[in-house]
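Numbered from 1 within each chain, the chains take letters A, B, ... in sequence-line order.
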Amino acid sequence: MDNIRKQKIREYFHETLKQQSDGQSLADNESLFVSGRLDSFSMMMFVMFLEKDFEIDFAALDFDVNLIDSINEIELFIDSQVSV
Amino acid sequence: MADDFNLASAVWLHSIATPHATAIAYKNQALSYEQYACRARDLAERLARSPDWQERSIKSHKVGIFASRGIDACVAMMGACWAGAAYVPIGLKLPQEKILAILATCELTAIIADEEGAKLLTDTVLAACPKTLIRVDQVMLEVDDNVSSSGHIDLSLQAKLSEPLRVAADDLAYVIFTSGTTGAPKGVMISACSAQSYVKTIVETLGLQATDRALETCELSFDFSVHNMFATWQAGAALHILPANLVMNAVKFARNEQLTVWNSVPSLAGMLQQIKALQPGSLPDLRITVFGGEALPQTAALQWQDAAPNTKIFNLYGPTEATVFCLAQVFSCDAAITAGRDFVAIGTPLGGCQAMVVDSEGSEAPDGTTGELAIGGVQLAQGYLGQPQLTSQKFPVLNGKRWYLTGDFAVRDQSGVFHCLGRIDNQIKVSGYRIELEEIDVALRQVSGRDLVGTVAWPIVDGAPKGIVGFIAGSPIDSAELTVALKQKLPPYMVPNRVIALEIIPLNSSGKVDRRALADLLKFEST
């Protein structure tokens with residue numbers, strides 16, 4: 001994934017965490033959902049964001065939260081989907 | 001022999017009849033019925049040996065449970081039941097202030113905690129706790145230590161607790177705390193008779209079998225867990241606990257574990273649908289689905305039926321005050337749908353329950369007329385712990401019989417099916433959590449120092465609230481600071497996602513904060 005796209009993902013989560021008054025920093029390898037830092041509703045919103053902005057079709061996938069649990073994993077996930 | 005109302009009896013009976021059958025599975029651990037009964041019995045003995053237990057001569061001991069979702073939480077709760085006590089689950093996400101309020105109300109005889117729960121026992125909390133504090137994960141060690149170091153075993157106690165202690169119909173089975181409008185949580189007292197009646201009725205209604213493998217998605221402090229656990233164990237089936245951090249992997253979990261029974265709030269199904277985890281035919285093994293805790297949208301039920309073509313879907317309705325669920329509707333393509341709301345109807349009363357729609361005078365309203373839904377029958381709670389006035393207000397005697405006024409608008413159609421039409425008051429449900437908006441108002445007023453505040457459910461997705469937005473009058477306050485302060489007073493699911501400062505808070509004609517106008521502002525903002 002190019003840096004612009006990765007930066008876009010970082011900004012998305014920066015904004016989401018800010019809205020939830022979570023001012024702590026977020027490293028690229030940190031767990032977002034499995035750790036409970038973001039809840040299931042935030043995950044749903046993020047999936048919708050990926051569908052819209054990255055044109056990923058989740059209907060064709062076997063959904064697994066671990067695929068999108070950190071910015072690094074999201075990067076790998078988007079790369080794998082773009083190359084499909 | 002007199003009827004036995006102890007909820008632990010089913011586990012004990014299955015431990016004799018099918019000792020090696022799985023009772024609970026969580027992550028890579030499992031307990032057979034024999035192992036489960038053994039651990040519950042050891043814990044019950046440990047409880048009954050404690051000086052507090054032996055010194056206090058009371059009808060129903062109450063035992064607080066501080067445990068996270070998992071096998072130890074089940075053992076803790078079952079140990080209390082086995083000893084004939086009422087269990088009082090305490091949500092681990094509650095702020096200290098609320099925990100102290102619950103402890104002050106309960107007069108607990110003992111506390112059982114797991115490793116996670118023990119972290120909440122700060123010096124301040126411990127000062128409010130009973131002296132008897134047991135770590136459920138250390139009981140096995142303690143039992144062994146006792147025998148080897150003292151060489152003395154209390155044989156009479158062992159004999160007495162070789163099976164669950166018999167309890168009377170009106171002994172308490174559990175106390176579950178719910179949100180209260182004044183800011184103080186309300187402890188709903190459910191008797192052993194009400195709990196047993198529910199469990200036996202629902203097992204028969206659903207047709208649960210010993211071969212079933214059922215899903216658990218709830219914490220002990222959410223009364224849906226009473227259904228999930230005790231109905232499963234009554235049937236001699238296996239309870240498969242979904243790890244809390246894998247909720248969005250629930251479909252995969254159900255497939256891998258070959259679950260046959262699904263229990264959840266409809267919101268979870270909606271979210272799984274949104275993230276496309278739910279595909280046609282993706283849950284072929286499911287034969288029973290129980291949705292409860294909030295309204296079931298017809299579209300969600302249809303999509304679920306596509307995903308689980310072999311399942312029978314039950315839409316269950318009920319307040320905590322009437323022991324989990326008291327009305328049921330089986331969903332089918334031609335099932336009754338509530339007009340104008342596109343929700344599946346809430347159906348007809350379960351055996352042992354009665355329902356009626358009452359008018360403002362407390363008289364039964366004719367079919368087709370909207371009024372407040374009242375529930376009667378064996379499943380009614382004894383009332384609110386330590387709040388006799390509120391109990392008589394919410395559980396009035398109408399026509400010579402005791403009823404619970406649910407606060408839900410409802411109508412009964414000509415075929416006798418009940419339809420829920422929303423709330424009379426400001427209670428909402430977010431992912432099954434019951435929330436009184438006034439309770440959030442109280443906290444917001446305290447932490448903001450502003451008199452005029454209001455909260456609304458927002459956003460609304462498929463007719464269901466997904467979050468909360470707060471409003472305060474006057475100039476903006478640092479929202480991060482406000483959130484930190486609110487987290488000290490409210491559980492996480494009640495903390496507003498945003499707090500907006502308005503120069504003027506709209507008031508309605510009676511001078512109260514106009515929540516509808518506030519919601520309109522949010523609608524306008526999102527368009």
Side-chain angles (χ1 to χ4, degrees), chain A residues 9 12-27 29-74 76-78 80-82 84, chain B residues 68-69 92-93 217 242-253 255-256 264-265 267-280 282 430-433 458-459 461-462 464-470 477-487 492-493 495-500:
Chain A
I9 300 291
Y12 177 92
F13 285 112
H14 177 74
E15 198 50 42
T16 303
L17 291 168
K18 200 173 108 187
Q19 273 183 13
Q20 299 186 13
S21 301
D22 179 344
Q24 291 188 319
S25 61
L26 175 70
N29 62 352
E30 260 181 85
S31 168
L32 292 158
F33 304 109
V34 173
S35 63
R37 187 164 176 184
L38 289 174
D39 63 11
S40 50
F41 184 70
S42 303
M43 182 191 292
M44 188 177 85
M45 299 307 286
F46 178 61
V47 167
M48 289 161 75
F49 165 77
L50 285 181
E51 286 189 314
K52 186 167 166 279
D53 285 36
F54 290 84
E55 296 178 349
I56 290 172
D57 181 11
F58 277 84
L61 295 166
D62 191 10
F63 182 84
D64 188 330
V65 61
N66 296 302
L67 292 173
I68 54 168
D69 195 39
S70 69
I71 291 173
N72 285 341
E73 279 155 348
I74 294 164
L76 289 172
F77 172 69
I78 292 177
S80 71
Q81 292 306 304
V82 170
V84 168
Chain B
S68 57
R69 194 191 306 188
L92 299 195
K93 291 179 180 169
T217 54
L242 177 70
N245 55 355
L246 294 179
V247 166
M248 297 311 255
N249 268 7
V251 172
K252 191 173 238 184
F253 178 83
R255 260 203 319 266
N256 291 347
S264 84
V265 290
S267 281
L268 179 58
M271 286 195 182
L272 295 170
Q273 182 67 33
Q274 287 277 357
I275 60 170
K276 310 279 171 63
L278 207 57
Q279 301 294 331
S282 55
V430 176
S431 298
Y433 288 110
W458 187 264
V461 179
D462 293 335
K466 297 295 174 195
I468 294 152
V469 174
I477 295 181
D478 184 308
S479 76
E481 276 179 26
L482 212 53
T483 303
V484 169
L486 284 168
K487 282 179 179 168
Y493 56 86
V495 175
N497 309 90
R498 290 162 67 196
V499 177
I500 299 170

- Steps toward side chain to side chain contact (heavy atoms under 4.5 Å, CB included) verdict (A:E51, B:K276): CA-CA 10 Å; A:E51 286 189 314; B:K276 310 279 171 63; 2.6 Å; yes
- Interface residue of largest heavy-atom contact number with chain A, from B:I275, B:V495, B:T483, under 4.5 Å: B:I275
- Is chain A contacted by the side chain of B:P459, its backbone, both, or neither, given a heavy-atom distance below 4.5 Å? side chain
- Query: Taking B:N249 for the side chain and A:V65 for the main chain, is one N or O donor matched with an acceptor at less than 3.5 Å?
  - Reply: yes
- Task: Please step through side chain to side chain contact (heavy atoms under 4.5 Å, CB included) for the pair B:M248 and A:F63, ending with a clear verdict.
- Result: CA-CA 9 Å; B:M248 297 311 255; A:F63 182 84; 4.1 Å; yes
- Under 4.5 Å heavy-atom distance to chain B, tell me which part of A:M44 shows up: side chain, backbone, both or neither. both
- I would like to know whether B:K252 and A:D64 meet side chain to side chain contact (heavy atoms under 4.5 Å, CB included); could you show each step before the answer? CA-CA 8 Å; B:K252 191 173 238 184; A:D64 188 330; 3.1 Å; yes
